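Single-structure report; data block below.
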Amino acid sequence: MPPRLNKRQLREQEELQALKTDVKQNDGESEGQSETSSPVAPPKPAVGGFAALMADDDDDSEEDDAAQTKSSKSKKKKKKKKSSAATPAAPSPAPESYTPEPAPATETPQPSASSSGPSKKERKALKKQKAKEKQKDDMDDVDKALAELSLKYPDLKQQLATAATSTSSPAAARSLAALLAVSLQHLDSEAELRKFFGSKVVAAAKSGAPSGPARPSVMQRSNLTRPKPTWWPPQLREGLSVRPLTAEELDAGLRRHGWQPLHGEKLWTVEYSNKYRAVTLQFMRTVMSGDPEGFYHLLKTLPYHADTLLQLSEVYHHREEHSTAADYVDRALFTYERGFVGAFNFTSGANRLDFDHVENRPFYLALHRQVTDLQRRGCVRTAFEFARLMYALDPWSDPHGALLHLDYLSIKAGMTQWLIDLWEVFEPDVEKEAKEGKSPYVRRIIPNIMPGIAYSHALALFVREEGSGDVEHERSTAALKHAILNYPPVVPVLADKADISLSGDIRSHPAFRIHPDASMLLSDSHAIFHLLSHLYAQRAAALWKPAARASWFAQTVASVYNTLPTVPPAPPKLFFNRFEYPALAWSIYRHVLVNESTCRSLFPFVPRQLLDARHLACDPLPPSTRVSEYDSEFFHGVEDVLAARPRSRRQDARLLERLVPNGPLRRQLQDLWDARPGLAQRFPGGLIQFAQVAAEQPEAFEDMMVELAHAGPDGVPDLREDVMPGGMPGGEVMVNFVDPEDDVDDDVEDLPPQPPAPAGQQNAGAQPQEDGEEDEDEEEEEEVAPLPVRFVRSLVNRFWGGASAANEDSDEEGQLRDTEGVD
């Protein structure tokens, strides 16, 4: 049995047989006979229905086999032209009736529809039309998908619009995001300390450090801090949440700053809950009152309130209790980190936190204080990572001057290649702006215009060349010359701080004149120009002290100082244009104010009106482009969380039942409250507040109840002549015949005023007269106290002492027994 042929082979045989039959009929027959016997069917007037579908399928199969049947198709095309010219319009017999001679006994194959269908041009046009329709259908599907995504993610359309109108390069945006991405493993300061000192030393230091009372341990995860067992158990989000800015807010922000949209960025803001906003209102009242004790009461209401934690951190910092101050900063960072949920990822390098919203500014302040504290502890790598995070959240206004930390921390932490890459990302746009005045970063702070970054960039190149064995130092020398020519005020100050010797001619050059303040300077930009020179020299002097670097610096200065102008230097144009804008200038001033302890010598460069204005430590120097601040508008409609709110009787009953589960004791407490109307004056919150104070401060509660027991029913002391202060009838005095050397009642330990003195000292009268009178009063109150006081004490002991109340009552009755039988 011959092998079964596939469809393509059958078609080839069919075409060859058709050609052979065609040739024979053309030789021996007339045109009319050839028309009836030709195997090529004439064109039909219309092809529709199932036949059209079959024709399309055959066309597709012919295109697939075109490479293998070129010769046969070319002959077929010639024959098709002849037949199409000679055939009449009448239809021929059905093509299914034709059966080739050599075909095996299989299914009758369908002849090719290309010979009986439309022409080649028509088929091409039809295919193009079908392709367009298919593409249109695909586009419809894409539009539908985008519409569904826009409903699910409302900010997607905004991102697409921003990308369409962006003037920055997507490649530059990706490179910048990669450089600003935070390394989570380097946010752990303890890991860095263990690397230098070993785990045993760090563990011993932690065990010897004072700590508060341990709390129930709860599994707490954090990337920014290491939660400690002494921290309060956290709640979900702690009243903070994060959301992306709307398109209207983004447009308003661009108009406020005069910026152009950039590619690949997304702006977010934190939002306060009603309770968090109410606690913030009480926090501001406490700040204005000047009483630090109020902050502890706020933490009882909301333990994780970032502003309160940062304010207490500042209090401990001024007391030079740096470990406690750092602990409160860690808690503030932990508070905000728990609010960063959802799509906001602070480590990606592409998400921004709008500094113009007051809800975001405490997080910037916490990061800034964390950076300074980490440097104090010597954790430069961790400090660099936190500074990079602070810079990544807002690199265009740099509200807390993160670049002023990164310029020297990048060298200290060994991140020289990172600094070189950051410089190269912005260098093309800086050159374009210098030549054409056009750049997507107009009115934005960029690293390449900062004096400290320019000098550290040259030093980073020098360090890299030293590591590779390059002794010529061509590229680093060119970078240092560029820095000297653009920022000459750094040279004399840095040479003084780093003990680099310069010749007298260099020192006397007008470009190297040192200005100690802004009195002789022309503008704020000139003042910031010299302020940044002093600040970089103060912080980075140690990096230039090694002999090789100092010699290279001196030689480079000597080779280039003759090319400097002989007039006092002016800031570069790009620098001047940016820092004439108040929002960017205030970023530098804010950095100096936050680092007041180390930057006080630079205050003469800050404008006097800013120094004389009232500043709050919780929000130092709010930006001039701010959207919100802690004012009456921000706190509109907020209730006082510490004020007593009226409750219904049912709510009071349920709350009291939770506070005092013991039913008989709860009724006794209610009877005591009803019998003493004076309690309502001291406890405006009613019986609930009375029970809460008894729970929180039992000693003070007992003293207050003793005082009320001596008073009348209305709470006013009874001063009648026939009534003793203890409430006994006039003239009758209780006499105590108990041996004075007997042990004092155990209840004395519950009273705070004085410790019990030895009996010998009491008899000898060694203590002052006032103390003796107080001790005598205490003995009378404890041993011969009237029934109301004894009842209150028993009530308090039962309420807070549990089962020991009965034992204490029996001991008290034994001590109160009249041993001599005289009353």
Side-chain angles (χ1 to χ4, degrees), residues 404 407 423 426-427 429-437 439 442 445-459 461-462 473-498 500-538 540-541 544 549-581 584-585 588 602 604-605:
L404 306 183
D407 53 7
W423 179 277
F426 291 97
E427 188 62 20
D429 293 291
V430 170
E431 295 177 354
K432 180 180 179 181
E433 184 178 355
K435 294 179 181 178
E436 304 175 6
S439 171
V442 174
I445 291 180
I446 53 178
N448 300 43
I449 67 166
M450 305 297 287
I453 295 291
Y455 279 85
S456 291
H457 172 247
L459 184 57
L461 291 173
F462 184 84
H473 299 294
E474 294 182 0
R475 188 177 176 187
S476 59
T477 303
L480 183 57
K481 289 180 178 179
H482 173 270
I484 295 172
L485 292 174
N486 285 277
Y487 312 102
V490 179
V491 172
V493 188
L494 182 59
D496 291 342
K497 298 289 185 180
I500 301 175
S501 60
L502 299 176
S503 63
D505 294 339
I506 297 176
R507 291 278 187 179
S508 60
H509 197 281
F512 296 146
R513 180 183 177 182
I514 298 176
H515 289 268
D517 53 38
S519 58
M520 301 296 293
L521 300 175
L522 300 177
S523 65
D524 290 342
S525 293
H526 288 76
I528 294 175
F529 188 50
H530 288 271
L531 184 153
L532 295 179
S533 302
H534 284 271
L535 185 61
Y536 177 75
Q538 174 181 328
W544 295 87
R549 300 177 186 179
S551 175
W552 168 63
F553 179 81
Q555 293 175 5
T556 307
V557 172
S559 64
V560 77
Y561 85 97
N562 286 326
T563 60
L564 291 170
T566 57
V567 296
K573 183 179 179 181
L574 302 184
F575 183 96
F576 181 85
N577 292 340
R578 281 167 171 81
F579 288 105
E580 280 296 306
Y581 182 50
L584 302 185
I588 307 300
L602 303 178
F605 292 99

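All of these numbers come straight from a predicted model, not from anything done at the bench.
Separation of atoms CD1 (Ile449) and CD (Glu433) is listed at 8.5 Å; rounding is to 0.5 Å. In this structure, CD1 in Ile588 is found 5.5 Å from CD1 in Ile445, a value given to the nearest 0.5 Å. Here the CG-OH distance, from Leu531 to Tyr536, works out to 15.5 Å after rounding to the nearest 0.5 Å. Residue Ser525 holds its OG atom at 13.5 Å from OH of Tyr581, rounded to the nearest 0.5 Å. Here Asp407 contributes atom CG and Leu459 contributes atom CG; the two are 11.0 Å apart, rounded to the nearest 0.5 Å. Distance CZ/Phe462 to CG/Leu480: 10.0 Å, rounded to 0.5 Å.
Of the possible donor and acceptor atoms, one in the side chain of His534 sits under 3.5 Å from a partner among the backbone N and O of His515. Between the side chain of Ser559 and the backbone N or O of Thr556, at least one donor-acceptor pair lies under 3.5 Å.
Taking the side chain as every heavy atom from C-beta outward, Leu574 and Ile446 never approach each other to under 4.5 Å. Here the side chains of Tyr455 and Val491 are in contact, with some heavy-atom distance below 4.5 Å. The shortest side-chain heavy-atom distance between Phe512 and Val557 falls under the 4.5 Å cut-off. With contacts defined as side-chain heavy-atom distances shorter than 4.5 Å, the pair His473/Leu461 does not qualify. The shortest side-chain heavy-atom distance between Asn448 and Trp423 falls under the 4.5 Å cut-off. Taking the side chain as every heavy atom from C-beta outward, Pro569 and Tyr487 never approach each other to under 4.5 Å. Val493 is not listed as a side-chain neighbour of His530, based on a closest heavy-atom distance of 4.5 Å or more. Contact of the Ser439 side chain with the Lys432 side chain is not registered, since no non-hydrogen atoms from C-beta on lie closer than 4.5 Å.
Among Arg513, His509, Arg507, the one residue that satisfies the side-chain contact (heavy atoms from CB on, under 4.5 Å) test with Pro492 is Arg507.
Between the side chains of Asp517 and Ser519, at least one donor-acceptor pair of N or O atoms lies under 3.5 Å. His526 and Ser523 are linked by a side-chain donor-acceptor pair at a separation below 3.5 angstrom, with hydrogens and angles left out of the test.
Here the closest non-hydrogen pair linking Met450 and Leu404 is CE-CD2, 3.8 Å. Nearest heavy atoms, Thr563 versus Val560: OG1-O, 2.6 Å. Minimum interatomic distance between Ala527 and Leu521 (heavy atoms only, all atoms of both residues): CA-CD1, 3.5 Å. Nearest heavy atom pair, residue Phe579 against residue Leu584, reads CE2-O, 3.7 Å. In plain terms, the two heavy atoms of Leu564 and Ile484 that are nearest each other are CD2-O, 4.1 Å. The two atoms that bring Phe575 and Pro451 nearest to each other are CE1-CD, 4.0 Å, heavy atoms only.
At most 12 heavy atoms of other shown residues, nucleotides or ligands fall within 6.0 angstrom of atom NE2 in His482.
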message = Walk me through whether Trp552 and Trp544 qualify under side-chain contact (heavy atoms from CB on, under 4.5 Å).
response = CA-CA 10 Å; Trp552 168 63; Trp544 295 87; 3.7 Å; yes
